[in-house]
Amino acid sequence: GRPLTFYSLGLAVEQAPNRESRITLGPERDRLNQPRVRLDWRITDAERRTLRRTTELLAQALGQAQLGRLKSRLPDDPQAWKVYGQWHHMGTTRMHQDPTQGVVDANCRVHGLSNLYVAGSSVFPTVGIANPTLTIVALALRLADHLKETLA
């Protein structure tokens, strides 16, 4: 006899690093005659499985707690899912000690160049869903300390 209440739920999952996803410079030019960026973002079966399983576990938990029911509207074909990014530019200049695995070293210095550093979330080797602002600030401060020491 109680009125039904409906809620819409959106889920976000972290992506594992994927060498097939990449950013390159394309043939098209912008108004300053610079090459435009081309994004090739790949979602893997691992992310699809994680999203589906998360939905299943949440549905079970809601039912067991008698808090409600969850009806998933995920299409059966994972390729048909609507996938959106969180617009955090992370992982494009990954930090790694090995130049074949990353772009910058632990001090955010581009491998093979003595005077080029990158400060920002692009150096993150993995990404999360939360806003990365505090980690970016911490990396920038750490880089500033390193540069101050190096240039002294």
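Below, each value reflects all heavy atoms present in this structure, side chains not excepted, and no hydrogens, waters or symmetry copies. All values derive from a computational prediction rather than experimental measurement.
Hydrophobic clustering of Ile, Leu, Val, Met, Phe, Trp and Tyr side chains at less than 4.5 Å, counting indirect connections, unites Met95 with Leu113. Trp81 and Leu11 fall within the same hydrophobic cluster, defined by Ile, Leu, Val, Met, Phe, Trp and Tyr side-chain heavy atoms under 4.5 Å apart, directly or through other members. Hydrophobic clustering (ILVMFWY, side-chain heavy atoms < 4.5 Å, transitive): Val103 and Met90 are in one cluster. One hydrophobic cluster, built from ILVMFWY side chains closer than 4.5 Å, holds both Ile43 and Leu39.
In the displayed structure, Gln34 atom CD is contacted under 6.0 Å by more than 12 heavy atoms of other residues, nucleotides or ligands.
Considering every non-hydrogen atom in both Leu139 and Val123, the closest pair reads CD1-CG2, 3.6 Å. Taking both residues in full, the closest heavy atoms of Pro17 and Pro125 are given as CG-O, 3.5 Å, listed atom of the first, atom of the second, then distance. The two atoms that bring Ile136 and Gly120 nearest to each other are CG2-CA, 4.1 Å, heavy atoms only. Scanning both residues, Asp30 and Leu32, for their nearest heavy atoms gives OD1-N, 2.8 Å. For Glu47 against Ala16, the heavy-atom pair with the smallest separation is OE2-N, 3.1 Å. The minimum heavy-atom distance linking Pro27 with Arg38 is given by the pair CD-NH1, 3.8 Å.
Looking at Val104 and Tyr117, their side chains never come closer than 4.5 Å, going by heavy atoms from C-beta outward. The shortest distance between side-chain heavy atoms of Val118 and Val110 falls below 4.5 Å. Arg29 places a side-chain heavy atom less than 4.5 Å from the side chain of Pro35.
Taking Trp41 as the reference, Gln15 meet the side-chain hydrogen bond (donor to acceptor under 3.5 Å, both in side chains) condition, with sequence neighbours excluded. Residues forming a salt bridge (Lys or Arg N to Asp or Glu O under 4.0 Å) with Arg31 (at least two apart in sequence, or on another chain): none. For Arg48, the salt bridge (Lys or Arg N to Asp or Glu O under 4.0 Å) test picks out Asp45, with sequence neighbours left out. For Asn18, the side chain to side chain contact (heavy atoms under 4.5 Å, CB included) criterion is met by Glu20, Ser21, Arg42, Thr44, not counting sequence neighbours.
Screening residues 91-115 for salt bridge (charged side-chain N to carboxylate O under 4.0 Å, His left out), with sequence neighbours left out, gives Asp105-Arg109.
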Compile the donor-acceptor pairs under 3.5 Å between side chains in residues 55-76 and protein atoms, sequence neighbours left out, one pair per line.
{"unit_1": "Thr55", "atom_1": "OG1", "unit_2": "Leu51", "atom_2": "O", "d": "2.9"}
{"unit_1": "Glu56", "atom_1": "OE1", "unit_2": "Arg53", "atom_2": "NH1", "d": "3.2"}
{"unit_1": "Ser72", "atom_1": "OG", "unit_2": "Leu74", "atom_2": "N", "d": "3.2"}

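Note that the CG atom of Asn107 and the CZ atom of Arg142 stand 6.0 Å from one another [nearest 0.5 Å]. With values rounded to the nearest 0.5 angstrom, Thr93 atom OG1 is found 9.5 Å from Ile23 atom CD1. How far OG1 of Thr150 is from CG of Leu143: 9.0 Å, rounded to the nearest 0.5 Å.
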